[in-house]
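All of these numbers come straight from a predicted model, not from anything done at the bench. Chain A is the first sequence line, chain B the second, and so forth, proteins listed ahead of strands; every chain is numbered from 1.
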Protein chains: 2
Amino acid sequence: MTPITSGSGKSLTQLFVEAATEAIEDSGVDRIDAMYVGNMMSGFLQNQEHLGSLMATALGREGIPSYKVEGACASGGVATNAGVKAVLSGLEEIVLVGAVEKMSGYTTPEVTAGLMMAEDKARVAATGVTFVGLNAMIAREYMRKYQVSHEALAQFPVLCHENALTNPKAQFHKKISADDVLQSPLVADPLRLYDCSAIGDGAAALILAPLEKAGEFTDSPVRIASSAVATDTLSLHQRKDITSFEASRKAADRAFKAAGLGPGEIDLVEVHDAFSVLGVMALEDLGFAEKGSGVQLLKDGDCFRDGRLPTNTFGGLKARGHPVGASGVYQIAELALQLSNRADNCQVPKANTGLAQSVGGIGSTVAVHILKRGD
Amino acid sequence: MTPITSGSGKSLTQLFVEAATEAIEDSGVDRIDAMYVGNMMSGFLQNQEHLGSLMATALGREGIPSYKVEGACASGGVATNAGVKAVLSGLEEIVLVGAVEKMSGYTTPEVTAGLMMAEDKARVAATGVTFVGLNAMIAREYMRKYQVSHEALAQFPVLCHENALTNPKAQFHKKISADDVLQSPLVADPLRLYDCSAIGDGAAALILAPLEKAGEFTDSPVRIASSAVATDTLSLHQRKDITSFEASRKAADRAFKAAGLGPGEIDLVEVHDAFSVLGVMALEDLGFAEKGSGVQLLKDGDCFRDGRLPTNTFGGLKARGHPVGASGVYQIAELALQLSNRADNCQVPKANTGLAQSVGGIGSTVAVHILKRGD
């Protein structure tokens, strides 16, 4: 994982190579059979496609199969899903999944327009609504429907900023309080600045292989117990209820079934908290809390690293950072570090299983991965 | 497959749904487990990403896993590769692979800039060279190195225009001669207008399933005997020889090995003739002719539908059309129609095996698929 910063001054290629090289060196693999590159906005922001060949070339590994996989802000999650299928297919054995996004160096309107590519250009983006605006509608409705206060939701970014303090790669190292959230500048009512993840550049990478092969390179492999993707209607106006993401529920359901586990058997979770309300909704939609009561987990201290369900232990999208198309791979890399006891100052005391949820658009694509200690 | 036209007036969604619906109805499948959407330029031209959820929603199939796969002009080829891996992984059984590109409705400079996203933005596109310009360098060097005349290369578009006459979905229905090619307007020396594929809108789709499952829906399934992808360095200046595409040779080698076949056992071929010279180079790189002698196949009449190696039997990129990210799926759909005796007025007399080559960038990504009659 590269550190996430706004204004890295690094190109897409530099970011990707930095993360991929670290993953290759860390894993000790002697070859890469194929690469899957997750990214959302390179066509729009960098006027660069063909990241498959570009990144393979930059790594000095041209020749191998390599292509880009995109699912908006869930691009990292779906790229991992593509990598998992590649290994399961038997066609490729050692696979690199890398994801990258460069968001800084552009004007805010440019990035805002880029993010709206996750929604329907013709019917929704054309109205002028922004991605933050759509999430603000969700927050407003969630707060109304479940009578949850903004202060209660604000505990999510408070948690993430707390966890990011010990993550040297996090974008923000600043402890905040719920009051700080409520008093930060308004972005799109009711969302305030500290409710929102920020613009950042970053890349993360994973090495996937059949478990027996992984055992040749490490004593602490981490097993991908399941990888599931689900979609929902692209746009909010097509939904009956905007306070729950059906794609999260479906992807989680599939992932739990395939892994033979239930929410009660998950020790550690990384959720897609692009906005405070999404973090809380995720805890509910993934089965860790009843609808409307996700904030209770925060209130009870369950989500802290020493709690019952450590959540976003490296700082999450809010404080570790959210280079959109890359975040899904950061999450899985972080779970892998936790499950192999290599999370340094972010390490949780004891975890055998972890779940990562990566969301594209307004809950329109969700990838859920469940990881287990491989030994 | 939709007809390919410049100025369809149709949106990405309309094009995709038209092709996908035809594929679903034609196959008679009762469900779709997942979708893979091939596309190159939607972020740049339509400011629209997230085609996975967008297209699943438009088809009324939201919920299923669905994401975009991109490999420049080989996006259709690599999307098919992703679909094949999904089926082989055992995670998904009935998979829709669809690819779409909308290129018309924009200025030529806009489309030209879009196509250059296949090359390195920072080092190559920034010089001002165009995609046609890069291919012109290849043509010039190929003609010099192998002492092949422009007139001989021009037989490739002549062949394609001849074959497209009986394809109602082809972009061009116009017989041309080598003289017409040589006298057409100069685009980038030595390439002339009729050496180049044109701007077009189109979408194509396939239904993939394990062969035994396919047998439930059709008496004439077509087997994907192998699916292989290879990359090369992204840019021409990184190559020792620009008159041969190593990625074509590698992908073909892998595909032949996996299928247990050699070039001599292929009855029918679809190659990526975005420019005349690329069609000829493809015949060589895929093993059907010695380097420098690809034009001999054309001269001997081998490539016509009644010849020894029918080539681009629906008109190829040049005359059927080249909606860039979609072309790779058109090729495979056309092979499938041939191998199931459903190619109507494009039907070749007898074919049991076929090969499709889809190229991204300047030979930087190549997907090769080998198909066989499934019965």
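For chain A, the nearby part of B:Ala56 is the side chain; its heavy atoms alone come within less than 4.5 Å. Proximity to chain A (any heavy atom under 4.5 Å) is restricted, for B:Glu92, to the side chain, taken from C-beta onward. For a residue to count as touching a neighbouring chain, one of its non-hydrogen atoms must lie under 4.5 Å from one of that chain's; by this rule B:Gln46 touches chain A with the backbone only. Only the side chain of A:Gln238 comes within contact range of chain B, with at least one heavy atom under 4.5 Å from a heavy atom of that chain. Only the backbone of B:Leu51 has a heavy atom closer than 4.5 Å to any heavy atom of chain A.
For chain A, the option among B:Thr57, B:Val366, B:Leu91 with the highest count of heavy-atom pairs below 4.5 Å is B:Thr57. Chain B forms more heavy-atom pairs under 4.5 Å with one residue of A:Val84, A:Val37, A:Val69, A:Ile64 than with any other, namely A:Ile64. Highest contact tally toward chain A, considering only B:Gly52, B:Ala82, B:Ala247, B:Gly60, is held by B:Ala82 [criterion: heavy-atom pairs under 4.5 Å]. No other option in A:Leu88, A:Val229, A:Leu234 has as many heavy-atom pairs under 4.5 Å with chain B as A:Leu234. When B:Gly43, B:Gly114, B:Ser66, B:Ser53 are compared by the number of non-hydrogen pairs under 4.5 Å with chain A, B:Ser53 comes out ahead. Taking chain A as the reference chain and counting heavy-atom pairs below 4.5 Å, the highest number among B:Met35, B:Glu49, B:Glu62 is found for B:Glu49.
In the displayed structure, B:Lys213 atom NZ is contacted under 6.0 Å by more than 12 heavy atoms of other residues, nucleotides or ligands. Applying the 6.0 Å contact sphere to CZ of B:Arg61 captures more than 12 heavy atoms from other residues, nucleotides or ligands. The number of heavy atoms from other shown groups lying within 6.0 Å of CZ (A:Arg254) is above 12.
Considering OG1 of A:Thr13 and CG of B:Asp120, their distance stands at 6.5 Å, rounded to 0.5 Å. Considering CZ of A:Arg123 and CG of B:Leu54, their distance stands at 8.0 Å, rounded to 0.5 Å.
Side-chain N or O atoms of A:Thr231 include one that pairs as donor or acceptor with a backbone N or O of B:Gly63 at under 3.5 Å. Checked by atom type and distance alone, the side chain of B:Gln48 never pairs as donor or acceptor with a backbone atom of A:Ala118 at under 3.5 Å. Side chain of B:Ser89 to main chain of A:Val87: no donor-acceptor pair is present (N/O by atom type, distance under 3.5 Å, no hydrogens or angles).
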Sequence neighbours left out, cut at 3.5 Å: what donor-acceptor pairs do the side chains of residues 70-81 of chain A make with other protein atoms?
unit_1: A:Glu70; atom_1: OE1; unit_2: B:His50; atom_2: N; d: 3.2
unit_1: A:Glu70; atom_1: OE2; unit_2: A:Ala72; atom_2: N; d: 2.7
unit_1: A:Glu70; atom_1: OE2; unit_2: B:His50; atom_2: N; d: 2.9
unit_1: A:Ser75; atom_1: OG; unit_2: A:Asn39; atom_2: O; d: 3.4
unit_1: A:Ser75; atom_1: OG; unit_2: A:Gly71; atom_2: N; d: 2.9
unit_1: A:Ser75; atom_1: OG; unit_2: A:Ala72; atom_2: N; d: 3.4
unit_1: A:Ser75; atom_1: OG; unit_2: A:Ala72; atom_2: O; d: 2.5
unit_1: A:Thr80; atom_1: OG1; unit_2: A:Gly76; atom_2: O; d: 2.8
unit_1: A:Asn81; atom_1: OD1; unit_2: A:Lys85; atom_2: NZ; d: 2.7
unit_1: A:Asn81; atom_1: OD1; unit_2: B:Tyr67; atom_2: OH; d: 2.8
unit_1: A:Asn81; atom_1: ND2; unit_2: A:Ser227; atom_2: OG; d: 2.8

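Contact annotation: the side chain of A:Ser42 never approaches that of B:Lys121 to less than 4.5 Å [non-hydrogen atoms, C-beta and beyond].
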